[in-house]
Amino acid sequence: MKIATWNINGVKARLEGAVTWLRETSPDVACFQEIKSVDEAFPAEAFEELGYNVAVHGQKGFNGVAILAKRPFDEVTVRGLPGDANDSHARYIEVIVARPGGVVRVGNLYLPNGNPVGTDKFSYKLAWMQRLRKRAVDLLKLEEPFVLVGDYNVIPEPIDAKNPQAWTQDALFQPETRAAYRSLLNLGLTDTVRACYPGPGLYTFWDYQAGAWQKDHGIRIDHILASPQAADRLVAAGVDKFTRGWEKPSDHVPVWIELADD
DNA sequence: ATGGTTGGTAGCCAA
């Protein structure tokens with residue numbers, strides 16, 4: 001079973017690219033972030049025509065997440081990250097999807113960017129990461145296969161940036177940000193791409209500005225974290241770098257894993 | 001090199 005995540009940076013702007021990517025790579029589950037669309041305007045029909053069931057948690061103008069799954073899911077377990085009733089940002093959706101021999105729970109997240117450091121935006125990012133940790137703690141108690149996928153807006157280690165010194169003032173690479181991400185891993189979650197590719201040079205984001213793509217000035221900030229029961233079934237992981245070279249690309253590229261059937 | 005580009009929106013804001 002193939003599970004993929006992609007920050008598409010606007011579903012209206014990326015519909016053609018998203019459909020092409022789905023046709024070419026046919027993931028069983030595809031998680032999108034930054035759809036920048038309200039639920040009613042999300043082009044679900046275009047994805048249903050490809051055989052996907054669709055769940056959306058959107059909002060006007062920015063943020064927004066969606067899950068597409070070829071296999072059925074009974075219901076959307078969670079819309080919006082639990083833990084703060086006053087948080088109006090559409091950044092989390094979670095479903096339980098059928099899997100050969102069982103189920104897998106998929107949490108799709110768009111973690112706050114947090115820039116500039118020292119503002120309420122950075123405080124919001126760190127608080128959001130604490131709430132995500134709480135969600136992971138609750139899910140781990142179930143001792144079931146689950147994955148937390150999406151745009152984490154976290155550069156975990158210096159090897160996850162072409163030029164780490166260029167990010168030292170950025171919210172994505174602050175010590176507090178990296179520590180919060182590490183605390184997620186230390187609960188017992190596996191960074192699946194890191195597990196399959198321990199070395200440097202693998203990136204998921206290249207800024208539109210300053211020729212970042214042409215210079216390979218990339219960072220790895222889109223991640224798939226797996227529970228022990230999911231990590232036990234991990235057979236492959238990868239990054240679909242080729243989409244960044246397309247016409248009208250997203251600044252992020254897809255990340256995926258393959259889980260063995262039971 | 002304190003720049004540069006894109007998407008959604010109609011506020012320039014968010015990234």
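A, B, ... follow the sequence lines: proteins, then strands. Residue 1 opens every chain. Keep in mind that the numbers below use all heavy atoms, side chains included, and drop hydrogens, waters and symmetry copies.
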Checklist entry - What distance, rounded to whole Å, do you find between the two P atoms, one in dG4(B) and one in dG8(B)? => result 23 Å

Item to check | Of Gln33(A), Arg91(A), Lys36(A), the residue whose pairing with Asn63(A) passes side-chain hydrogen bond (donor to acceptor under 3.5 Å, both in side chains) | outcome: Arg91(A)

Next on the checklist: Measure CG/Asn115(A) against P/dG4(B) and give the value in whole Å, please.
Outcome noted: 19 Å

Item to check | C1'-based separation of dA14(B) from dT9(B) [nearest Å] | outcome: 12 Å

Checklist entry - Where is the tightest heavy-atom contact between His57(A) and Tyr92(A), given as atom of each residue plus distance? => result CD2-O, 3.3 Å

Checklist entry - Of Asp207(A) and Phe62(A), whose nearest nucleotide on DNA chain B comes first from the 5' end? => result Asp207(A)

Checklist outcome for this item: Interatomic distance, CG@Asp262(A) vs CE@Met1(A), rounded to 0.5 Å, equals 11.0 Å

Checklist entry - Between dA10(B), dT5(B), dA15(B), which nucleotide gets closest to the side-chain atoms of Arg91(A)? => result dA15(B)

Next on the checklist: As a test of understanding, state which of Tyr52(A), Phe47(A), Phe42(A) forms a ring-ring contact (aromatic ring centres under 6.0 Å, His included) with Phe32(A).
Outcome noted: Phe47(A)

Item to check | Whole-Å gap separating C1' (dG7(B)) and CZ (Phe205(A)) | outcome: 13 Å

Checklist entry - Please give, in whole Å, the distance from dG8(B) P to Asp251(A) CG? => result 12 Å

Checklist entry - Could you give the CG-to-C1' distance, from Asn7(A) to dG7(B), as a whole number of Å? => result 11 Å

Item to check | Length of the CD1-C1' vector between Ile219(A) and dA15(B), whole Å | outcome: 11 Å

Checklist entry - Where the side chain of Lys36(A) is concerned, which of dT9(B), dA15(B), dG7(B) is the nearest nucleotide? => result dG7(B)

Next on the checklist: Does Arg244(A) reach a base, just sugar-phosphate, or nothing at all? Heavy atoms under 4.0 Å.
Outcome noted: nothing

Checklist entry - Nearest-Å distance, CZ (Arg14(A)) to C1' (dT6(B))? => result 8 Å

Checklist outcome for this item: Whichever of Ala13(A) and Asn63(A) has the more 5' nearest nucleotide on DNA chain B, that residue is Ala13(A)

Next on the checklist: Measuring from the side chain of Lys248(A) (C-beta onward, heavy atoms only), which nucleotide among dT9(B), dG7(B), dA15(B) has the closest atom?
Outcome noted: dG7(B)

Item to check | Shortest side-chain distance from Glu34(A), nucleotide among dG4(B), dA15(B), dG8(B) | outcome: dA15(B)

Checklist entry - Using the P atom in both, what is the distance from dA1(B) to dG7(B), to the nearest Å? => result 29 Å

Next on the checklist: Side-chain N or O of Lys12(A) versus OP1/OP2 of dG8(B): is the shortest distance under 4.0 Å?
Outcome noted: no

Item to check | Asp216(A) versus Tyr203(A), side-chain donor and acceptor atoms under 3.5 Å | outcome: no

Checklist outcome for this item: Atom CZ of Phe122(A) and atom P of dA14(B) are separated, to the nearest Å, by 17 Å

Checklist entry - Closest approach of Trp21(A) and Thr243(A), non-hydrogen atoms and distance? => result CD1-CG2, 4.0 Å

Item to check | Rounded distance in Å - NZ (Lys60(A)) to P (dA14(B)) | outcome: 15 Å

Checklist entry - Of all the choices, dT5(B), dG7(B), dT9(B), which nucleotide is nearest to the side chain of Gln209(A) once you look at every atom? => result dT5(B)

Item to check | Touch class at under 4.0 angstrom, heavy-atom based, for Tyr110(A) against every strand present | outcome: sugar-phosphate

